[in-house]
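The structure appears below as structure tokens.
Counting starts at 1 for both ligands and their atoms, following the listed order.
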Amino acid sequence: NKRIKSLSIHRPFIYGTTARPFDPLRNPKPPGIPDDHTHSWEVFVKGVDDTDITYWLRRVQFKLHESIPNHVRVVDAVPGKPFSLKETGWGEFEITIRLYYVSESNEKPQTLYHHLRLHPYGRTEEEKEEMKNGPDGGVVKSWNYDEQIFNEPYESFYEILTSG
Ligand code: SLL
């Protein structure tokens with residue numbers, strides 16, 4: 001099992017957050033959620049158009065704000081599904097996202113940083129009100145496109161990467 005010299009393979013993916021304000025009609029607060037929580041939100045790593053990425057990514061660790069119970073969360077791959085975590089809260093913070101690759105890759109884990117965005121900054125009050133009442137009910141998406149680069153992959157991993 002040798003590395004294939006002077007070859008690099010790119011695999012696109014999306015990571016980010018989607019946040020939604022609690023609202024009696026569109027996003028009612030479930031029972032048991034603390035009074036000061038204003039939003040539900042989700043952080044994820046997934047394929048473009050929800051394509052599978054679990055053939056190269058086996059685990060994602062999300063490190064949330066320390067004020068959140070159990071703030072280090074591990075999500076293992078489920079084939080064809082995004083790596084995703086749902087929470088509720090009141091504040092924005094930086095999420096540390098650690099990517100763990102399938103063992104065939106022999107790659108070390110890598111870290112990404114993502115700012116959880118709850119609020120639509122840079123908009124007027126009118127625009128915010130409009131968004132809140134619009135079809136998607138004040139959803140704030142902060143999504144990033146990225147490409148994972150595998151440099152000089154092992155032959156066996158190359159097989160996995162290209163036989164999808
Ligand atoms: C701020 N620097 O002060 C940020 C910290 C922390 C957000 C935000 C707690 C949720 C929970 C939560 O939303 N923390 O207790 O489950 O704005």
Ligand 1: protein residues within heavy-atom distance under 4.0 Å: His37, His65, Ser67, Ile68, Pro69, Thr88, Gly89, Trp90, Gly91, Glu92, Phe93

Between Arg98 and Thr111, a side-chain donor and acceptor under 3.5 Å: yes

Contacts of type side chain to side chain donor-acceptor pair (under 3.5 Å), residue Glu147, not counting sequence neighbours: His10, Tyr145

Test side chain to side chain donor-acceptor pair (under 3.5 Å) applied to Asp52 - qualifying residues, sequence neighbours left out: Thr54

Flag for Tyr101-Gln148: side-chain donor and acceptor within less than 3.5 Å: yes

Test side chain to side chain donor-acceptor pair (under 3.5 Å) applied to Tyr113 - qualifying residues, sequence neighbours left out: none

Polar side chain donor-acceptor pair, Glu92 to Tyr121, under 3.5 angstrom: yes

